Enquirer: 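Once you've had a glance at the structure underneath, I'll fire off some questions.
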Amino acid sequence: MTHTKNYCGIAEDVGEVLIDEESIQRRVKELGAQISAEYAGKSPILVCILKGACLFHADLIRATPIDVFMDFIAVGSYGASTQSSGEVRILKDLDESPEGKDVILVEDILDTGLTLNYLISYIKSRHPNSLKVATLLSKPARRVVDVQVDYLGFEIPDQFVVGYGLDYAQRYRNLPYVAVLKTANQSSK
Ligand code: 5GP
């Protein structure tokens, strides 16, 4: 199925919708309810890993009606490629120290695990009181390093996806659903 409703100029690249808007919103609300219950009486910092997690983060904090703080961290991305270089570097650090705080890292997609593995070690080295991980998507078939996920949206197959914050060459982040990138997945076959 190709979904182009209300979006111009994407028919070439965007293929099958893997997770529709309604399913995403429903799952994010469930995750927010789970976080609210588990952090009742606490004030966790939800750290958005830019840029891909920005939509997930924005919806998740709104679905978490407890005393939450937010912060942002940016790491090197794939650029215009669909393959991980394995290199992780911090482009923008946290504004506030995580020392003694309850931190939840919020990621868009767990692929090889290299990014989250690096960020978990980095945050731990700054002595938070606790550290958990939320990721909207996970591609288990691609894992190179094991990463413990505490809040998972959806497992997906080994396909390059765009939408709901996820990009290809900085495009398609504004799609409200997650779809397969037709061109990348065709060329890898
Ligand atoms: P990892 O370090 O786990 O291999 O990769 C994590 C990062 O790779 C994600 O934050 C995301 O930026 C990028 N990535 C991995 N898989 C995909 C994908 O299917 N689509 C997009 N747009 N980015 C991906």
Side-chain angles (χ1 to χ4, degrees), residues 19 23-79 84-156 158 161 163-167 173 178:
I19 310 166
S23 305
I24 293 174
Q25 294 303 328
R26 195 184 319 120
R27 186 69 188 123
V28 171
K29 285 192 175 73
E30 287 171 3
L31 293 176
Q34 193 183 339
I35 291 171
S36 302
E38 290 178 12
Y39 286 82
K42 296 182 178 170
S43 303
I45 309 175
L46 275 71
V47 174
C48 175
I49 304 175
L50 295 169
K51 300 175 190 164
C54 61
L55 270 65
F56 177 41
H57 183 258
D59 285 341
L60 187 62
I61 59 170
R62 279 180 289 189
T64 308
I66 57 169
D67 187 35
V68 300
F69 289 81
M70 61 180 180
D71 208 338
F72 299 86
I73 196 164
V75 293
S77 77
Y78 290 3
S84 172
S85 64
E87 275 178 42
V88 180
R89 59 201 172 96
I90 292 181
L91 305 175
K92 185 225 163 286
D93 206 343
L94 298 173
D95 291 333
E96 305 290 332
S97 168
E99 188 171 342
K101 309 275 176 57
D102 295 305
V103 177
I104 304 176
L105 273 172
V106 179
E107 176 64 304
D108 53 359
I109 184 165
L110 180 57
D111 188 30
T112 63
L114 292 168
T115 306
L116 271 174
N117 191 50
Y118 176 87
L119 285 174
I120 288 167
S121 304
Y122 175 67
I123 303 280
K124 276 187 177 165
S125 75
R126 296 182 66 181
H127 309 293
N129 180 54
S130 69
L131 177 60
K132 287 194 177 181
V133 171
T135 183
L136 179 75
L137 305 173
S138 172
K139 287 195 267 193
R142 295 262 310 160
R143 206 76 81 246
V144 172
V145 288
D146 200 27
V147 173
Q148 194 201 318
V149 174
D150 303 284
Y151 307 102
L152 170 64
F154 305 90
E155 282 195 352
I156 61 167
D158 180 13
V161 293
Y164 198 64
L166 289 143
D167 76 308
R173 293 192 195 275
V178 171

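Please read all numbers here as calculations on a predicted model, not as lab measurements.
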Enquirer: Any chance you could measure D108, atom CG, to L136, atom CG, to the nearest 0.5 Å?
Expert: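 Interatomic distance, D108 CG to L136 CG, rounded to 0.5 Å: 8.0 Å.
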Enquirer: Using the side chain to side chain contact (heavy atoms under 4.5 Å, CB included) criterion, which residues pair with E99? Sequence neighbours excluded.
Expert: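 Partners of E99 under the side chain to side chain contact (heavy atoms under 4.5 Å, CB included) test: S97, H127.
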Enquirer: Under the salt bridge (Lys or Arg N to Asp or Glu O under 4.0 Å) rule, collect the residues that match up with K51, sequence neighbours excluded.
Expert: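 Checked K51 against salt bridge (Lys or Arg N to Asp or Glu O under 4.0 Å); zero matches.
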Enquirer: For E96, enumerate each residue passing the side-chain hydrogen bond (donor to acceptor under 3.5 Å, both in side chains) test, keeping only those at least two apart in sequence or located in another chain.
Expert: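 Testing E96 for side-chain hydrogen bond (donor to acceptor under 3.5 Å, both in side chains), a comparison that skips the adjacent residues, returns none.
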Enquirer: Residues in salt bridge (Lys or Arg N to Asp or Glu O under 4.0 Å) with K101, at least two apart?
Expert: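 Salt bridge (Lys or Arg N to Asp or Glu O under 4.0 Å) check on K101 returns nothing, list empty.
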Enquirer: I156 versus I109: any side-chain heavy-atom pair under 4.5 Å?
Expert: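 They are in side-chain contact.
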Enquirer: If we only count heavy atoms from C-beta on, is the I45 to I104 side-chain gap below 4.5 Å?
Expert: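 No, every pair of side-chain atoms sits at 4.5 Å or beyond.
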Enquirer: Walk me through whether L137 and D111 qualify under side-chain contact (heavy atoms from CB on, under 4.5 Å).
Expert: CA-CA 9 Å; L137 305 173; D111 188 30; over 6 Å; no
Enquirer: Quick test of your reading: applying ring pair (Phe, Tyr, Trp, His ring centres under 6.0 Å), list the pairs with at least one residue in residues 35-72, sequence neighbours left out, ordered by first then second residue.
Expert: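 For residues 35-72: H57-F72.
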Enquirer: Sequence neighbours excluded, which residues qualify as side-chain hydrogen bond (donor to acceptor under 3.5 Å, both in side chains) partners of E155?
Expert: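 For E155 there are no side-chain hydrogen bond (donor to acceptor under 3.5 Å, both in side chains) partners, ignoring immediate neighbours.
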Enquirer: What heavy-atom pair brings V106 and A53 nearest, and what distance separates the two atoms?
Expert: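 Scanning both residues completely, I find the closest heavy atoms to be O-CB, 3.3 Å.
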Enquirer: Would you say D150's side chain and V133's backbone share a donor-acceptor pair under 3.5 angstrom?
Expert: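 Confirmed, D150 side chain pairs with V133 backbone.
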Enquirer: What's the shortest heavy-atom distance between D71 and L94, and which atoms?
Expert: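 The pair with the smallest heavy-atom distance is OD2-CB, 3.6 Å.
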Enquirer: I want to check something: taking the side chain as every heavy atom from C-beta on, are L110 and P140 in contact at a cut-off of under 4.5 Å?
Expert: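 No, too far: nothing below the 4.5 Å cut-off.
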Enquirer: What pairs with S138 under side-chain hydrogen bond (donor to acceptor under 3.5 Å, both in side chains), at least two apart in sequence or on another chain?
Expert: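 Counting only residues at least two positions away or on another chain, S138 forms a side-chain hydrogen bond (donor to acceptor under 3.5 Å, both in side chains) with R143.
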Enquirer: Please name all residues satisfying side-chain hydrogen bond (donor to acceptor under 3.5 Å, both in side chains) with D95, sequence neighbours left out, ordered by chain then number.
Expert: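 Here the qualifying residues are K92.
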Enquirer: Let me confirm one number: the CD-CD1 distance from E107 to I120, rounded to the nearest 0.5 Å.
Expert: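 Answer for the CD-CD1 pair, E107 versus I120, is 10.0 Å.
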Enquirer: Could you grab the distance from atom CG of L152 to atom CZ of R27, nearest 0.5 Å is fine?
Expert: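 Here the rounded value is 7.0 Å.
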Enquirer: Suppose the criterion is salt bridge (Lys or Arg N to Asp or Glu O under 4.0 Å): which pairs have a residue in residues 125-138, not counting sequence neighbours?
Expert: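 Of all non-adjacent pairs touching residues 125-138, those that pass salt bridge (Lys or Arg N to Asp or Glu O under 4.0 Å) are E38-K132, D93-R126.
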Enquirer: If you take all heavy atoms of V103 and P98, which pair is closest and at what distance?
Expert: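 Nearest heavy atoms, V103 then P98: CG2-CB, 3.8 Å.
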Enquirer: Might you point out which heavy atoms bring V145 and L114 nearest each other, and give the distance in Å?
Expert: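 Result for this residue pair: CG2-N, 3.8 Å.
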Enquirer: Quick one: pull up SG in C48 and CD1 in I61 and give me the separation to the nearest 0.5 Å.
Expert: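 It is 9.0 Å, given to the nearest 0.5 Å.
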Enquirer: Between the side chain of S23 and the main-chain N/O of I19, is any donor-acceptor distance below 3.5 Å?
Expert: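 Pair absent, no side-chain N/O of S23 close to backbone of I19.
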Enquirer: Applying ring-ring contact (aromatic ring centres under 6.0 Å, His included), can you list everything that pairs with Y122, at least two apart in sequence or on another chain?
Expert: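 So Y122 forms no ring-ring contact (aromatic ring centres under 6.0 Å, His included) with any residue.
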Enquirer: Return the minimal non-hydrogen interatomic distance between D158 and K139, and the atom names on each side.
Expert: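 Where D158 meets K139 most closely, the heavy atoms are CA-CD, 4.1 Å.
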Enquirer: According to the salt bridge (Lys or Arg N to Asp or Glu O under 4.0 Å) rule, which pairs have a member within residues 52-62, sequence neighbours left out?
Expert: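 Listed once each, the pairs are D59-R62.
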Enquirer: Could you tell me which residues satisfy salt bridge (Lys or Arg N to Asp or Glu O under 4.0 Å) with D67, sequence neighbours excluded, listed by chain and number?
Expert: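 With neighbours one apart ignored, the set is empty.
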Enquirer: Would T135 and Y151 count as a side-chain contact (heavy atoms from CB on, under 4.5 Å) here? Give the steps.
Expert: CA-CA 6 Å; T135 183; Y151 307 102; over 6 Å; no
Enquirer: For L55 and Y164, which heavy atoms make the closest approach, and how far apart are they?
Expert: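 It is O-OH, 3.5 Å.
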Enquirer: With respect to L119, which candidate in V47, V147, L131, I73 satisfies the side chain to side chain contact (heavy atoms under 4.5 Å, CB included) definition?
Expert: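 Of all the options given, the one that passes is I73.
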Enquirer: Heavy-atom distance under 4.5 Å between the side chains of I49 and L105, does that happen here?
Expert: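 In short, these two side chains touch, coming nearer than 4.5 Å.
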Enquirer: For V88 and N117, what are the C-alpha separation, side-chain angles and deciding distance, and is it a side-chain contact (heavy atoms from CB on, under 4.5 Å)?
Expert: CA-CA 10 Å; V88 180; N117 191 50; over 6 Å; no
